[in-house]
Amino acid sequence: MKRMLAAAGFVIALAGFAQTAAAETAAARQPGTVASAASPADLPVHRGKFWFHSDCITAGQQAVDRGHWSQYQCAEGWMWNLWTDR
């Protein structure tokens, strides 16, 4: 019985996570988060993978602020992939 309750709790938590991720995806498309709407060919350097979209945006923007690159894009895949122009 305890295993069934634990499994049910896990499924409910997983469903909540999926809803949160979908909400973050919709809310994260804010103006100014990407320097331009560049195509993947314009952003050839893969910088890393992130579990959360907000972490990818933070890493990309902090590096823009420091002058490491001028454009970035967080592309959704199994995880969030950070692509940059240099």
Side-chain angles (χ1 to χ4, degrees):
M1 184 67 162
K2 288 182 182 180
R3 286 186 184 178
M4 288 177 44
L5 290 175
F10 178 75
V11 170
I12 291 170
L14 189 59
F17 176 77
Q19 290 175 348
T20 302
E24 284 182 5
T25 302
R29 307 260 182 224
Q30 299 171 357
T33 57
V34 178
S36 69
S39 68
D42 295 337
L43 302 173
V45 182
H46 183 260
R47 294 292 177 173
K49 295 179 181 254
F50 299 86
W51 283 106
F52 301 104
H53 186 258
S54 59
D55 293 342
C56 184
I57 293 293
T58 300
Q61 189 59 50
Q62 285 178 351
V64 167
D65 294 343
R66 292 181 184 133
H68 294 291
W69 51 74
S70 60
Q71 295 179 345
Y72 70 93
Q73 180 179 21
C74 292
E76 188 172 7
W78 183 68
M79 296 174 73
W80 290 96
N81 295 288
L82 177 60
W83 294 90
T84 66
D85 59 345
R86 52 185 158 150

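Index from 1, following the sequence.
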Problem - From Q61 atom CD to C56 atom SG, the distance as rounded to the nearest 0.5 Å - result: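 One finds 11.5 Å between CD of Q61 and SG of C56.
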Practice task
Write down the atom of W80, the atom of W51, and the distance for their closest heavy-atom approach.
Solution key: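 Closest heavy-atom pair between W80 and W51: CD1-O, 3.7 Å.
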Exercise for the section: Please list, chain by chain and in numerical order, all residues satisfying side-chain hydrogen bond (donor to acceptor under 3.5 Å, both in side chains) with H68, sequence neighbours excluded. Expected result: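 Partners of H68 under the side-chain hydrogen bond (donor to acceptor under 3.5 Å, both in side chains) test: none.
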Exercise for the section: With sequence neighbours excluded, tell me which residues meet side-chain hydrogen bond (donor to acceptor under 3.5 Å, both in side chains) with D85. Expected result: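 If we apply the side-chain hydrogen bond (donor to acceptor under 3.5 Å, both in side chains) test to D85, skipping adjacent residues, the hits are S70.
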Do [X] and [Y] have side chains that approach each other closer than 4.5 Å (heavy atoms only, starting at C-beta)?
X: F52; Y: I57; result: no
X: Q71; Y: L43; result: yes
X: R47; Y: Y72; result: no
X: L82; Y: H46; result: no

Practice task
Please confirm whether W69 and W83 have ring centers closer than 6.0 angstrom.
Solution key: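 For W69 and W83, the ring centres are not under 6.0 Å apart.
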